[in-house]
Amino acid sequence: MRALEALRQPLEDGEVVISRARGTTRYPARLQLVLAANPCPCAHPAGDAHCQCPPLARRRYLGRLSGPLMDRVDLQVRLAPVTAAQLMADDGGAEPSTVVAGRVLQARAAAAARWAVLGRHSNAEVPGPHLRQRPWRLSGQVTRPLEDSLNTGLLSARGYDRVLRLAWTIADLDGRDRPDAGDVSEALSLRTGQAL
Ligand SMILES: [Zn+2]
């Protein structure tokens with residue numbers, strides 16, 4: 001767990017700083033962190049008849065991922081258990097990876113073109129103040145769910161900027177010039193792990 005907590009700084013700053021008596025060294029550390037966890041120590045989802053775990057055990061298990069660490073996680077996706085029918089199904093209708101890869105390339109190119117004026121290449125690199133100021137500031141109507149979430153404590157100030165970056169990425173993937181209300185809502189629901 002301590003190793004996970006040590007990732008907070010590189011996740012925020014994209015570098016690792018090591019301080020010793022003889023000086024301080026900085027190493028580049030831009031990384032993508034993917035975490036996976038069961039919903040319960042017994043691995044069954046909430047409300048499942050097979051789970052006999054006391055609520056306290058469940059809370060303690062999920063509490064091992066600290067709030068400050070989770071505040072740096074942009075996407076939370078809950079996966080439903082796979083059914084036998086899904087396991088046997090032919091996935092011939094699924095979108096080929098090459099098509100998805102093409103869409104990602106286009107989205108990254110759109111972001112790189114937009115942020116070139118700031119010397120940035122991707123949505124993830126843009127500092128929060130730029131996202132909140134003209135000309136990239138989104139209308140109050142579009143960002144209202146974010147303001148509400150910030151005011152109720154569901155979202156931190158850091159989380160607010162992270163949802164904005166995610167909304168820009170969703171818009172880029174869909175070929176829109178800037179995020180609309182749907183993009184912001186989708187980004188917020190991906191961030192909080194709660195369905196729209
Ligand atoms: Zn359980």
Side-chain angles (χ1 to χ4, degrees), residues 1-14 16 29-97 100-101 103-104 107 123-124 128 143-171 173-174 179 181-196:
M1 285 303 128
R2 209 178 292 165
L4 278 179
E5 291 304 314
L7 286 173
R8 277 160 52 182
Q9 191 197 8
L11 283 171
E12 197 66 23
D13 306 326
V16 173
R30 293 198 53 79
L31 60 110
Q32 188 147 41
L33 175 67
V34 179
L35 301 165
N38 285 317
C40 192
C42 73
H44 291 293
D48 187 295
H50 293 98
C51 174
Q52 306 284 320
C53 306
L56 182 64
R58 203 179 179 91
R59 272 208 302 279
R60 192 178 294 149
Y61 179 74
L62 293 174
R64 290 172 69 188
L65 295 171
S66 77
L69 177 66
M70 291 310 291
D71 200 28
R72 291 161 172 85
V73 173
D74 289 339
L75 306 173
Q76 282 191 47
V77 182
R78 289 180 196 202
L79 299 177
V82 178
T83 63
Q86 286 169 333
L87 202 58
M88 305 309 285
D90 174 11
D91 69 348
E95 198 175 23
S97 295
V100 178
R103 199 159 61 230
V104 170
N123 298 327
T143 56
R144 184 159 307 141
L146 298 189
E147 268 98 57
D148 291 347
S149 300
L150 190 64
N151 289 336
T152 57
L154 179 66
L155 209 57
S156 66
R158 177 186 290 115
Y160 185 101
D161 289 342
R162 286 179 169 264
V163 174
L164 281 180
R165 293 189 188 101
L166 193 51
W168 277 100
T169 297
I170 292 169
L173 284 168
D174 279 353
D183 297 331
V184 169
S185 295
E186 187 178 348
L188 185 60
S189 98
L190 285 167
R191 158 96 193 174
T192 57
Q194 293 170 357
L196 275 175

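Just follow the structure's listing: the first ligand is 1, and inside any ligand the first atom is 1. The residues of the chain are indexed from 1 along the displayed sequence.
Arg58 meets the salt bridge (charged side-chain N to carboxylate O under 4.0 Å, His left out) test with no other residue; sequence neighbours excluded.
Between Ala167 and Ala187, the shortest heavy-atom distance links the atoms N-CB, 3.7 Å.
Coordination check, Cys53 versus the Zn ion (ligand 1): passed, since an N/O/S atom of the residue sits under 2.8 Å. Note on His50: not counted as a metal contact of the Zn ion (ligand 1), no N/O/S atom lying under 2.8 Å.
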Test side-chain contact (heavy atoms from CB on, under 4.5 Å) on Thr169 and Arg165 and set out the steps. CA-CA 6 Å; Thr169 297; Arg165 293 189 188 101; 5.6 Å; no

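Taking 4.5 Å as the limit, every side-chain heavy atom of Leu173 sits out of range of all side-chain heavy atoms of Ile170.
The Zn ion (ligand 1) forms the vertex of an angle spanning SG of Cys42 and SG of Cys51; to the nearest 10 degrees it equals 110°.
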